[in-house]
Structure formats: C-alpha cells, structure tokens
Amino acid sequence: MDNTRDSIARWMDGIPYEVAFWNNTYRWTASFNRLKRWSHYGSPIQLEGFDAQAFLASKTGNPKVLDVGCGMSYATGNYLLADGKPHPLDIHYVDPLADSFNRILARHHREMPRIEFGMIEFLSAFYPAHDVSLVIVQNALDHSARPLKGICECLEVLETGGCLYLKHHPNEAETEHYKGFHQYNICEEGTDLVIWNKQERHNVTALLNGFASVATSRTEDGEVVAVIKKLRDVPPAFITDKADKHDLCRMVQLQIADTGNVRRAFKNKLAYWKYNLIQCAMQRLSWHTRMKIKRLIKQH
Ligand SMILES: C[S@@+](CC[C@H](N)C(=O)[O-])C[C@H]1O[C@@H](n2cnc3c(N)ncnc32)[C@H](O)[C@@H]1O
C-alpha cells in the first residue's frame, strides 16, 4: 500500500469511533448537559494562551472565525464583547463528519448550530482566500491525514494579519498507539512547533518562515498551543492542487472498494455498532470512572 493510500485508509477507519462517541454524548441528557457546562457556547470567545477577544476586537466589521475539526463540542464561545456588550460572532463550525453530526443533532432534537462540511487539507476549496480573521483547530490537526497541508490551507483562507490557533495534547498519536484518527504527534522543540510520526518529522516554524510566524506555549494542563500569524501570502508551491486531486481520487477509490467489498462494508458497520454500544454504556458512567477506564485502556 502506498503512503497516501495507507494514511487515508487509516483516517477512514477512525470515523466509526468518532460518530459513535458524539451520538452517545448527545443521546443522554446528562452527558449533553455536562458538555454544555464544559463548553463556552453562549459565552464570549475564550482560548487558552491567546487573547482572542482582544485580537478580534481590533478588527473592523464582524470578523469571520472558523472552528475547524469542531466535532460537536462547540468549545470556543460564540460571542464577542464590544462596548461592554456581547455581540454574536460570525463563527462557522466545520468538520468532515458534518453530515453525521447534523443527523445526530436532528435525531436527539438538540438545538445547536448546524455544522458545515469541510476538511482542513482542502479548506481553501470550501472558504474563499483572505476572508477569515481567525481559524481555530483544537485536538483535530493530529487527526487529519496531511496536517502540514492543513496548516497551509488554514493560512490560505486567512487575511494577512489573521491567526491560526492550534491547541493539542502533546504527542497524542504515541499516547493513543496510532489507533483510529491519531496518526501524527504535535509538540514543541525549544520554541519551534514540530509535527512527526514514525515515518516523517517536520519543523513547522522553519517551514513557514518568511510568510508566517509561530509562537508556542503550554496551557496549565500541558497542552501545546501554537498561534500562527499570517504575514504574507502562502507561496503557491504550498497549495498543491494536483496532489489534492490525487488524494481525493484515492479516497473515492477506497470508498468504492469498501462499498463493493461485502466483508469490509460489514466490518465497518460492525465497528460502528461496537463503538456505539461501548459509548452508550460509557456515557452513563461518571467522568472520573470514564477517565479511569480510559487510562487503563491506554496502558495496554
Ligand atoms: C477529538 S475531535 C475534536 C473536537 C473539538 N475540536 C474539540 O476540541 O472538542 C477531532 C475532530 O477532528 C475531525 N477531523 C478529522 N479529520 C479531519 C480533517 N481532515 N479536517 C478537519 N477535521 C478533521 C474529526 O471529525 C473530529 O470531529
């Protein structure tokens, strides 16, 4: 299997777990309320290690914000304080699993904003260039099949002076043993942002030098934050339309092969129902019990 095909196939294998997790978080009122208490939905925007409020308030008009790889957490807050009053933010929730997530909202009758379809590696195909002030990506870049391309695509849709905010658990793929969506590790080396796995290692700070600046820090919980500021246009060599077409054709071909292969189609359905059952039970447990179980699983 070539590398691209391999990473896309593994990415597609991660879908059943993700959908089952959110389906069961939204199914139960207790877990849905727990999520709402934890998220900043309904409050002013809040990002750890970055004053998003001050940054957006410095922009004229109603700045556009994208929460890419949003899942169903609505984590960031959707208001901006101006003249001491909260104003609704022009925030768009974007995820490749948007169709499944919107079905979950409808199925469980939850009144939350609908999610827009988009993939970080191809973001400029979904949103016009130079149109966005802030792109937020939390615990999602390391889930994508091509994270470096994802960063360049986020920079492409940003206006000059716009910011890409990244927040991720350090070296998550290592912790999760490269299972499901977890294919890349994100960490800092000194002050540089680095993305790596067993096959590749990229110094993002060095790669973006000349058109974007990178400032890294850690949150109180030890998560890696990177604020990447667009200084000038992304060089055309970084927006690789031909490679995109190649990847997209691979995806279509894998999907067709999956649908035509009864054993594989059955395995995918089975994976979804297995995770759905596990998550159905897990979401009924207390947060502490779930964390204990998760820690035990991670050790094995
Ligand atoms: C762990 S969830 C994070 C959700 C949310 N950002 C948060 O922090 O609570 C990871 C999300 O990344 C999304 N994702 C996976 N691959 C992606 C890609 N290529 N582009 C954008 N999002 C992706 C998944 O569908 C999933 O919803």
Side-chain angles (χ1 to χ4, degrees), residues 4 7-26 31-32 34-41 45-50 65-78 91-105 112-127 134-154 156-157 164-169 172-173 175-176 179-184 186 195 219 221 223-226 243-244 247-248 250-251 254 272 275 279 294:
T4 315
S7 65
I8 294 171
R10 273 186 282 128
W11 183 86
M12 288 169 77
D13 282 346
I15 295 174
Y17 172 84
E18 205 65 33
V19 176
F21 172 80
W22 291 114
N23 186 39
N24 287 287
T25 305
Y26 276 66
S31 53
F32 177 63
R34 221 171 18 234
L35 173 75
K36 277 184 83 179
R37 280 196 298 277
W38 167 84
S39 98
H40 297 110
Y41 185 73
I45 187 161
Q46 211 173 304
L47 297 172
E48 281 178 275
F50 177 59
V65 178
L66 304 183
D67 181 354
V68 180
C70 59
M72 298 184 74
S73 64
Y74 301 94
T76 54
N78 54 327
I91 181 164
H92 299 248
Y93 300 97
V94 186
D95 200 285
L97 304 185
D99 291 350
S100 300
F101 293 165
N102 289 331
R103 269 199 299 276
I104 291 172
L105 288 177
M112 301 298 277
R114 291 304 182 255
I115 292 157
E116 297 170 19
F117 174 69
M119 292 184 78
I120 198 163
E121 300 93 324
F122 314 115
L123 201 64
S124 66
F126 297 91
Y127 297 92
L134 174 64
V135 179
I136 300 162
V137 185
Q138 308 197 78
N139 293 319
L141 184 68
D142 47 2
H143 291 50
S144 91
R146 284 170 68 197
L148 268 184
K149 175 72 177 358
I151 290 178
C152 291
E153 288 282 324
C154 291
E156 178 73 357
V157 301
L164 165 61
Y165 171 89
L166 304 175
K167 182 169 73 110
H168 293 84
H169 296 292
E172 182 77 337
T175 315
E176 297 284 344
K179 283 190 196 132
F181 272 154
H182 303 104
Q183 298 182 38
Y184 285 92
I186 296 179
I195 296 183
T219 66
D221 293 339
E223 286 176 280
V224 179
V225 169
D244 290 355
D247 283 6
L248 290 168
R250 270 288 188 222
M251 257 187 204
L254 283 173
Y272 173 72
Y275 291 131
Q279 286 299 332
K294 226 177 153 188

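Residues: numbered from 1 along the sequence shown. Whatever order the structure lists ligands and atoms in, that order sets their numbers, starting from 1.
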Practice task
Could you check K167 against D221 for salt bridge (Lys or Arg N to Asp or Glu O under 4.0 Å), going step by step and ending with a plain yes or no?
Solution key: CA-CA 11 Å; K167 182 169 73 110; D221 293 339; over 6 Å; no
Practice task
Starting at CD1 of I195, measure out to CG of D142 and round the result to the nearest 0.5 Å.
Solution key: 8.5 Å
Problem - Contact residues of ligand 1 (heavy atom under 4.0 Å), by chain and number - result: W11, E18, G69, C70, G71, S73, D95, P96, L97, F101, M119, I120, E121, Q138, N139, A140, H143, S144, F181
Exercise for the section: Starting at CG of L134, measure out to OG1 of T76 and round the result to the nearest 0.5 Å. Expected result: 8.5 Å
Practice task
Supply the atom-to-atom distance Q138 CD to L166 CG, rounded to the nearest 0.5 angstrom.
Solution key: 9.5 Å
Problem - Centroid-centroid under 6.0 Å between Y275 and F21 rings - result: no
Problem - Point-to-point distance, once rounded to the nearest 0.5 Å, from CG of D95 to CE of M72 - result: 9.5 Å
